[in-house]
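A short write-up of the structure that comes next.
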Amino acid sequence: MRLVIARCSVDYAGRLTAHLPSAPRLILVKADGSVSIHADDRAYKPLNWMSPPCTLKEGDGEQKDVWTVTNKAGEKLIITMEEILHDSSHELGVDPGLIKDGVEAHLQELLADRIETLGEGYTLIRREYMTAIGPVDILCRDAEGRTVAVEIKRRGEIDGVEQLTRYLELLNRDPHLAPVRGIFAAQEIKPQARVLATDRGIGCQVLAYDAMRAIADDKLRLF
């Protein structure tokens, strides 16, 4: 990962245009090729970004202070450097991923075992389906054979919907899986998260933990 703190302005040219006037900002260049621009007051959310696959070209000659990030659609993020305050690179290695708490992990196990909880005709592809940004909790197919990605939380909040949105963006680039729709599954789903999920075409599923445990127990009982 490369960390650059610089006074810069940023212009986005693509399906729409956007401009960030000159100010000190943090620029993150990650090993997956993504580039994101951050301020000091937006928590984890970037002001602007370019998702992989994309290429970064640092300027030369008269344009040496201009960075151009271009994605496969030809959209560009143009960063004009005025002063670089810090520039460092760090090898982070392979991340082990998020370790879920016991309830979330058990919910995932139960739902994978009883995938028809999501609807009649659902079949499991696999648990922990790996993507470039982390594992999707469950990947499955519905009764029509369409691919479905399921993100499981104990308490469903907006950040979980955002996480599933990022997974769907990546999965839908794979012609062997696309089109992929999403289901946000949790024991409790906050109203704001439900509204955001609905707006993005993501389904919501409330999981009854005790009922699912009872189904699993009954399934394992011999007599």
Side-chain angles (χ1 to χ4, degrees), residues 1 10 12 14-16 18 20 25-28 30 32 34-52 54 71 75 77 95-112 115 117-119 122 127-140 142 146-174 177-212:
M1 179 183 290
V10 183
Y12 173 81
R15 289 167 292 180
L16 49 83
L20 293 172
R25 298 187 174 95
L26 168 64
I27 304 167
L28 294 182
K30 294 188 176 180
D32 64 2
S34 64
V35 178
S36 56
I37 316 295
H38 297 261
D40 206 15
D41 63 347
R42 301 293 181 94
Y44 62 90
K45 293 185 178 180
L47 297 166
N48 214 327
W49 69 95
M50 193 70 80
S51 300
C54 58
N71 67 12
E75 298 168 318
L77 195 64
D95 192 270
L98 178 68
I99 299 175
K100 295 179 177 290
D101 67 30
V103 173
E104 285 187 17
H106 199 201
L107 277 171
Q108 183 191 113
E109 181 182 349
L110 290 172
L111 186 57
I115 198 67
T117 300
L118 298 175
Y122 273 70
R127 291 171 54 191
E128 299 286 328
Y129 185 90
M130 186 57 65
T131 74
I133 58 174
V136 177
D137 288 333
I138 288 178
L139 198 68
C140 58
D142 63 16
R146 296 170 297 189
T147 311
V148 182
V150 185
E151 178 63 25
I152 299 171
K153 299 292 183 186
R154 185 163 54 88
R155 176 179 296 175
E157 301 191 47
I158 284 177
D159 58 349
V161 179
E162 294 282 8
Q163 182 180 0
L164 179 54
T165 299
R166 293 192 292 273
Y167 288 145
L168 290 171
E169 182 182 349
L170 282 177
L171 292 169
N172 273 299
R173 296 176 187 172
D174 187 338
L177 298 175
V180 185
R181 65 183 181 91
I183 293 179
F184 188 48
Q187 287 181 280
E188 173 192 2
I189 300 177
K190 296 292 184 179
Q192 299 94 328
R194 186 180 291 274
V195 168
L196 181 60
T198 301
D199 182 68
R200 295 183 176 180
I202 294 172
C204 292
Q205 178 84 28
V206 175
L207 301 176
Y209 181 65
D210 291 337
M212 291 174 67

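In this chain, numbering begins with 1 at the start of the sequence shown. We use all heavy atoms of the structure for the numbers below, so side chains are in, but hydrogens, waters and symmetry mates are not.
- How far CG of Leu207 is from CD of Gln108: 11.5 Å, rounded to the nearest 0.5 Å.
- Between Ile183 atom CD1 and Asp137 atom CG the span is 12.5 Å, to the nearest 0.5 Å.
- Here the NE2-CZ distance, from His38 to Arg25, works out to 12.0 Å after rounding to the nearest 0.5 Å.
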Taking it one step at a time, do Gln205 and Leu111 satisfy side-chain contact (heavy atoms from CB on, under 4.5 Å)?
CA-CA 11 Å; Gln205 178 84 28; Leu111 186 57; over 6 Å; no

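- Considering every non-hydrogen atom in both Tyr129 and Leu177, the closest pair reads OH-CD1, 3.5 Å.
- Listed by chain and residue number, Val161, Ile202, Cys204 satisfy the side-chain contact (heavy atoms from CB on, under 4.5 Å) test with Ala197 (two or more places apart in sequence, or in another chain).
- A distance of 11.0 Å separates CD1 in Ile133 from CE in Met130, rounded to the nearest 0.5 Å.
- No side-chain heavy atom of Arg194 sits under 4.5 Å from any side-chain heavy atom of Phe184.
- Between Leu196 and Glu162 the shortest side-chain heavy-atom distance falls below 4.5 Å.
- With rounding to the nearest 0.5 angstrom, the CD atom of Gln187 is 10.5 Å from the CD1 atom of Ile152.
- Closest approach of Leu77 to Met50, counting heavy atoms only: N-CE, 3.5 Å.
- Counting all heavy atoms, side chain and backbone alike, Asp142 lies closest to Tyr122 at CB-CZ, 3.6 Å.
- The structure places CZ of Arg200 at 4.0 Å from OG1 of Thr165, a figure rounded to the nearest 0.5 Å.
- Distance alone, capped at 3.5 Å, places no donor-acceptor pair between the Tyr12 side chain and the Trp49 backbone.
- Scanning all heavy atoms of the two residues, the minimum distance from Gly156 to Ala186 falls at N-CB, 3.6 Å.
- With contacts defined as side-chain heavy-atom distances shorter than 4.5 Å, the pair Leu118/Ile138 does not qualify.
- Side-chain atoms of Ser51 and Ser34, non-hydrogen and from C-beta on, never get closer than 4.5 Å to each other.
- In this structure, Ala185 and Val150 approach most closely via the heavy-atom pair CB-CG1, 4.0 Å.
- Of all the heavy atoms in Ala149 and Leu171, the pair that sits closest is CB-CD1, 3.8 Å.
- Partners of Glu157 by salt bridge (Lys or Arg N to Asp or Glu O under 4.0 Å), not counting sequence neighbours: none found.
- Take Lys190 and apply the salt bridge (Lys or Arg N to Asp or Glu O under 4.0 Å) test, not counting sequence neighbours, and it matches Glu188.
- Side chain of Asn172 to main chain of Pro179: no donor-acceptor pair is present (N/O by atom type, distance under 3.5 Å, no hydrogens or angles).
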